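Following: one structure in structure tokens, then a few remarks.
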Amino acid sequence: MDQLALLFALLFGAVVMVPLGERLMLPAPVLMTLLGVALALLPFVPNLDVPPDLILPLVLPPLLYAAVQRTSWRQFAANRNAIFLLAVALVFVTTAAVAAVAHAVVPGITVAAAVVLGALVAPPDPVAATVVAGRLGLPRRMVSLLEGEGLFNDVTAIVLYHVALTAAVTGSFSLPGAGAALVLSAVVAVAVGLALGWTANKLIGHLDDPALQVGLTLLVPFAAYVLAEEFHGSGVLAVLTAAMFLAEHAVDPDDVLGRLTGTAFWEVVEMLITGVAFGIIGLELHTAMATAAGHWSELVGAGLAVVAVVVGVRLLWLLPAAWLANRLHRGRDSSEDIPVTWQETVVMWWSGMRGVASVALALAIPHTVDDGGTFPAREEIVFVAFAVVLATLVLQGLTLPWLVRRLRVGADSKAEEAMERELATRVMRAARQRLREIARDEQLPDELVEQLSWRVLELGTRISPEVVDDERRESHRRRVRRMKQVRRIRGELLSAARHEVLAVRGEPGADPGVVDRVLRELDMSSLRLR
């Protein structure tokens, strides 16, 4: 099996693992990791030859961009305190704790190298947490908090990693210099992200073709990451800034086709890249096994110690942090998303899975330092990092669904229904206001106004049946049954028409361009029907 065949095997696995995970009630990223491990154990499967310094630029930007599309800036602003505690303070605490333990148990490791290890295993993976948590029916506030933590913790961890790596390679460290580098990295990243977001927003406004618009959004996260890194800024923060700017400003309410096209495209991109990324984690078993050859007992012991620190520090941090956040929350009566019970806190703790960023950062550690010597304990750091990722991702990922069911943590359906009712009411109010304006300006006949008013009522009832009384709700159900019957029949008619058009495409003298235009019109009719 060559490298290209291995890549296609991972892509195929990424597609297959989604429905398999849903059937088995297991997270698809975890299954992809196990697939990678299984492939790594096969003698005919080669090591995946991907330069470590390319893994993050190729994987993180699109995954972060896709994740931002599911949230909003206001949500981050409302949760800024909780996100700071998890994505900044907890990363610092975990880095320090892991560095202290690693310096004691890993033979030959220096303080700077121990901090490198602490920084690269400190951040929970932004993809693993959100993908796994999002499919478990958790309360939206918990998913929002996990998304916020996952999106911002890489910024803190990668900056810490680079500072510690520089100290380990050069043999010198300056606290003021490190602080200045941290500030400069953030300023440059925000500037690059805003500039690219503003530019992309203007360009999207001049592109009428949804395919061109989506193609441009695919380029933005990569461009933001590369440009920020080129100017010594945080590529991750630049991607987040650009993505948030576009999410807030590049929204045309009437661009239905562009929105549907973009959503479908990014779902495919996220699924494929997520699968490949977690498959790569499993395939790195080759590297970990080669590293541990000859001194398994020492490395396994060090790995278990660091895993215990990573998992334990998160629990010891979350318990008082959640208690304090609840006290402050009640005092302020704010809309901040926080765990409200100890069961939710435990689920938050067990959701702290490490992933592709940790593996990529470990593999990117140079082999030598500036004075020509070898990087202190590099092989040991790679092994321990892989042990942390595999233990947290597989063990916690496989048991998280069981834990959620055991603790009975579920979505707040009453809150969601209340919001649906509110949205339905506001939708009907806006539509009726616009109908009154049109009826006044165009002098519509009363029977047409009444017919359109019924359409408005149906629209609101479709969003939330609770906005109308029982009699109207039953009337709506009867109309929906009739509409479904009509929609089904119209769908069959359009299907027959498409079959005929496709049959014409193979006839002698048929113009494929004309056939494709007619087929697109039929497809658009089916889209409007749905």
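Note that the structure is predicted; figures quoted are calculated from it, not measured. One-based numbering along the sequence shown.
Rounding to the nearest 0.5 angstrom, the gap separating the CZ atom in Arg436 from the CZ atom in Arg434 is 12.0 Å. One finds the CZ atom of Arg498 at 9.0 Å from the OG atom of Ser525 (value rounded to the nearest 0.5 Å). Note that the CG atom of Leu35 and the CZ atom of Phe278 stand 13.5 Å from one another [nearest 0.5 Å]. Taking CD of Glu229 as the reference point, atom CG of Leu56 lies at 8.5 Å (rounded to 0.5 Å). To the nearest 0.5 Å, atom CE of residue Met353 and atom CG of residue Leu395 are 11.0 Å apart. To the nearest 0.5 Å, the span separating CG on Leu41 from CG on Leu283 amounts to 10.0 Å.
Contact of the Met348 side chain with the Leu86 side chain is registered, since non-hydrogen atoms from C-beta on lie closer than 4.5 Å. Put simply, the side chain of Val269 reaches to within 4.5 Å of the side chain of Phe265, judged on heavy atoms. Put simply, the side chain of Leu272 does not reach to within 4.5 Å of the side chain of Val276, judged on heavy atoms. Under the 4.5 Å side-chain criterion, counting only non-hydrogen atoms from C-beta, Leu448 is in contact with Gln451. Within the 4.5 Å cutoff, the side chain of Ile204 has heavy atoms near those of the Thr217 side chain. Residues Leu400 and Ser351 have side chains in contact (heavy-atom distance under 4.5 Å, counting atoms from C-beta outward). Within the 4.5 Å cutoff, no side-chain heavy atoms of Val239 are placed close to those of Leu60. Side-chain contact between Arg23 and Pro19 is absent, with no heavy-atom pair separated by less than 4.5 Å.
For the pair Glu270 (side chain) and Leu63 (backbone), a donor-acceptor distance under 3.5 Å is absent. In terms of modelled atom types and a separation under 3.5 Å, the side chain of Gln213 and the main chain of Leu207 share a donor-acceptor contact. At distances below 3.5 Å, not a single donor-acceptor pair connects side-chain atoms of Ser358 with backbone N or O atoms of Arg354. In this structure a side-chain-to-backbone donor-acceptor pair under 3.5 Å is present from Asn153 to Glu149. Under the 3.5 Å distance criterion, the side-chain polar atoms of Gln396 are matched with a main-chain donor or acceptor of Trp350. Distance alone, capped at 3.5 Å, places no donor-acceptor pair between the Thr274 side chain and the Met271 backbone. Although no hydrogens or angles enter the test, the distance criterion places a donor-acceptor pair under 3.5 Å between the side chain of Gln69 and the main chain of Tyr65.
The nearest pair of heavy atoms linking Leu435 to Ser453 is CD2-OG, 3.6 Å. When all heavy atoms of Phe386 and Ile281 are compared, the closest pair comes out as CE1-O, 3.1 Å. Considering all non-hydrogen atoms of both residues, Leu216 and Ala200 come closest at CD2-O, 3.8 Å. In terms of heavy atoms, Pro221 sits closest to Trp266 at CG-CH2, 4.2 Å. Of all non-hydrogen atoms in Val188 and Ala228, the two that sit nearest each other are CG1-O, 4.2 Å. Closest heavy-atom contact between Ala439 and Val449: CB-CG2, 3.9 Å.
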### Query
For Val88 and Phe152, what are the C-alpha separation, side-chain angles and deciding distance, and is it a side-chain contact (heavy atoms from CB on, under 4.5 Å)?
CA-CA 8 Å; Val88 179; Phe152 281 97; over 6 Å; no
### Message
For a side-chain contact (heavy atoms from CB on, under 4.5 Å) check, start with the C-alpha distance between Thr241 and Phe245, then their side-chain angles and the critical distance, and finish with the verdict.
### Response
CA-CA 6 Å; Thr241 304; Phe245 186 94; 5.7 Å; no
### Task
Test Ile280 against Val356 for side-chain contact (heavy atoms from CB on, under 4.5 Å), laying out the working first.
CA-CA 8 Å; Ile280 289 174; Val356 65; 5.8 Å; no
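Few gaps surround CG on Asp441; more than 12 heavy atoms of other groups in view lie less than 6.0 Å from it. Heavy-atom contacts from other residues, nucleotides or ligands closer than 6.0 Å to CD of Glu492 number more than 12.
Side chains of Glu437 and Gln433: a donor-acceptor N/O pair is present below 3.5 angstrom, by distance only.
Checking Asp125, Val359, Val394, Thr33 one by one against Val389, the side-chain contact (heavy atoms from CB on, under 4.5 Å) holds for a single residue, Val359.
Using a 4.0 Å cut-off between a side-chain N of Lys or Arg and a carboxylate O of Asp or Glu, Glu521 and Arg517 do not qualify as a salt bridge.
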